[in-house]
Amino acid sequence: MKIVAIDTSTKQLSVALSDGQQILAEASYVTSLNHATKLMPLLERMMQEVNWSPRDLTRIVIADGPGSYTGLRIGATTAKTLAYTLGIDLVPVSTLELMAASAGSTGRIVAIQDARRGTGFVGFYEEGQLVGEEQHTVIADFVKTLPTDTKITGDTDKFTTELQSFTIVDPAFRAPRAGVLALLGAKREPVETHAFEPRYLRLAEAEAKWIEAQRHD
Amino acid sequence: MTQPLILAIESSCDETAAAVVRGGTDVLSNVVSSQIESHKRFGGVVPEVASRHHVERITYVIDDALTEAGVRIDEIDAIAVTEGPGLVGALLVGVSAAKALAFAHGKPLLGVHHIAGHIYANRLEQELRFPLVCLIASGGHTELIYMPEDGVYEVIGETRDDAAGEAYDKVARTLKLPYPGGPRIDQLAQTGQDTFHFPRIWLEKESYDFSFSGLKSSVINAVHNAEQRGEVIIPEDLAASFQASVVEVLVTKAIRAVKEKGGKQLLIAGGVAANRGLRAGLTEACSREGIELVIPPMHLCGDNAAMIGAAAIHPYRAGRQSTLAMNAEPGLDLK
């Protein structure tokens, strides 16, 4: 297998190459201000380093959200176009699952992405398995439902008050890594490439308002 | 010279489009997936919604363009894409897809200016003779461009406030016409009379610039005043009066530019080029002045990718390739 894994869903940009067993190359910009300009040059350079040609690829693994809308679209469009035009598998993996897995610990773990005004996107994982659903929620309410031995990763700095009674994942393991993504996606079932869309987990604001207005009419 | 096959992508606003064009003139396919039905409920294009639709449609549209052209991707000589101007989130989808294709198949990547695309839509139907003047009128642009030669652009006039198409949409909203309002105004105007005599905004005597916000305010005031006095406005006459002002200014400035610049042709381009009032006004003025008028066919007036494939022949022939670091450029200048 020759796998490319791409994560552009947060402020970090991460790309990895894997044979399905091991991570062969992995690179991240911890704060990339422009994923659009950096993604393809980085991928091209990494492929040259390991002597892979685009035609050799067998699978694209993409972190499909939630995350920054623009970042998600850059990654999703790149991934689906590569998979379509090379006729290879496209495998999406949740960004929250990736964040939880990148923490490298066992047991219960919650990944949080800040979504402003005290809210966040959250996913609760137990031994790597999602418990319940990933959701956009008020963090102060959500944490009350968690067992006390739950570890927390992601944008924990934004919720220090809410999270004070929990163990926080060490900053060194808090960033989502495309190498982990490649391994998570190595054995999963591919999706239908043309129909693939990122999981924004939230409607566009105008759409939410429009739906609300219909309800009042 | 062999004629290169270019796969072109356009996603600058609310149309997801791909086309295969040979040699800058021969359209083998031109696929446009419009989002207009989705944006109607909002009364205008919502950038975030447009961007999401582009991601949903992009690979279908590319695949349809190749299939309809009967061409495999490895037979394509270059990938062209609109890099700007436009909505940044929307542009990024086309740019990301184009870069992925160029990388996957080792093809040259060509960035194209959206307005250059609109101009070269004309060459898909007719030979261009330089120097020429082009009048661009769309929802986002109102410009007069002088082209001394093929592929060289000089912006000699532009709007200082609203684009012509924007003024149409706002007036349409005042008349409570459904989105998109421009074509509806044009339709109403066909049976109305210029009874309101709205002002013509000329700006400085020698200027080729435009201004439509004053006109728009006059129209909105006329409607509100009538409402307050309990008078009934005849929408056909209001539309005809508004359109008469827009068309007179556009036509007069365009004709003056052709004469002063010694242009051999006057081109029109952009969504408003589909406006029947403008087409009639320019046709009449050009035949009176003995100027050759080049009007794109209706189906090439709106945003499409065939026009991007047509304009891409210049960077292709000049070897002006873009790198994989290409970005979307929402405010890109025409150079």
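Here is how names work: the chains are called A, B, and so on, in the same order as the sequence lines, proteins then strands, and each is numbered from 1.
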- Task: Mark yes when over 12 heavy atoms from residues, nucleotides or ligands other than K158(A) sit less than 6.0 Å from its NZ; otherwise mark no.
- Result: no
- Message: Would you say that more than 12 heavy atoms from the other residues, nucleotides or ligands in this model lie under 6.0 Å from the CD of Q129(A), or not?
- Response: no
- Whether K99(B) side chain and T37(A) backbone form a donor-acceptor pair below 3.5 Å: no
- Item | Donor-acceptor contact present, side-chain K80(A) to main-chain V55(B), <3.5 Å | yes
- Are side-chain heavy atoms of L82(A) and F103(B) found at a separation under 4.5 Å? yes
- Message: Run Y69(A) and R52(B) through side-chain contact (heavy atoms from CB on, under 4.5 Å) and show every step you take.
- Response: CA-CA 9 Å; Y69(A) 296 165; R52(B) 291 185 182 196; 3.3 Å; yes
- Over 60° means perpendicular and under 30° means parallel, so classify the ring planes of W210(A) and F42(B), tilted if in between. perpendicular
- Task: Return the minimal non-hydrogen interatomic distance between A104(B) and P54(A), and the atom names on each side.
- Result: O-CB, 3.5 Å
Residue, of [options], that accumulates the most heavy atom pairs under 4.5 Å with chain A:
options                : result
L66(B), D63(B), V49(B) : D63(B)
I73(B), V95(B), V93(B) : V93(B)
V88(B), I58(B), T59(B) : T59(B)

- Message: Between L203(A), L57(A), T70(A), who has the most heavy-atom pairs with chain B when the cutoff is under 4.5 Å?
- Response: L203(A)
- Selection from Q214(A), E205(A), K209(A), E197(A) maximising heavy-atom pairs under 4.5 Å formed with chain B: E197(A)
- Query: To the nearest 0.5 Å, what is the distance between NE2 (H194(A)) and CG (D64(B))?
  - Reply: 8.0 Å
- Query: Rounded to the nearest 0.5 Å, what separation is found between the CE atom of M40(A) and the CG atom of L109(B)?
  - Reply: 9.5 Å
- Query: I62(B) and Y84(A): side-chain contact (heavy atoms from CB on, under 4.5 Å), yes or no, with the steps?
  - Reply: CA-CA 10 Å; I62(B) 293 167; Y84(A) 150 69; 4.0 Å; yes
- Message: Between E207(A) and R41(B), is the side-chain contact (heavy atoms from CB on, under 4.5 Å) condition met? List the steps.
- Response: CA-CA 9 Å; E207(A) 197 153 29; R41(B) 61 197 153 136; 3.0 Å; yes
- Given L92(B) and R73(A), is the side-chain contact (heavy atoms from CB on, under 4.5 Å) satisfied, shown in steps? CA-CA 8 Å; L92(B) 272 172; R73(A) 276 192 284 274; over 6 Å; no
- Query: With only heavy atoms counted, which part of H105(B) is less than 4.5 Å from chain A, the side chain, the backbone, both or neither?
  - Reply: both
- Single hit among T78(A), T81(A), T8(A) for side-chain contact (heavy atoms from CB on, under 4.5 Å) with S96(B): T78(A)
- Go through the atoms of A213(A) and report whether side chain, backbone, both or neither lie under 4.5 Å from a heavy atom of chain B. neither
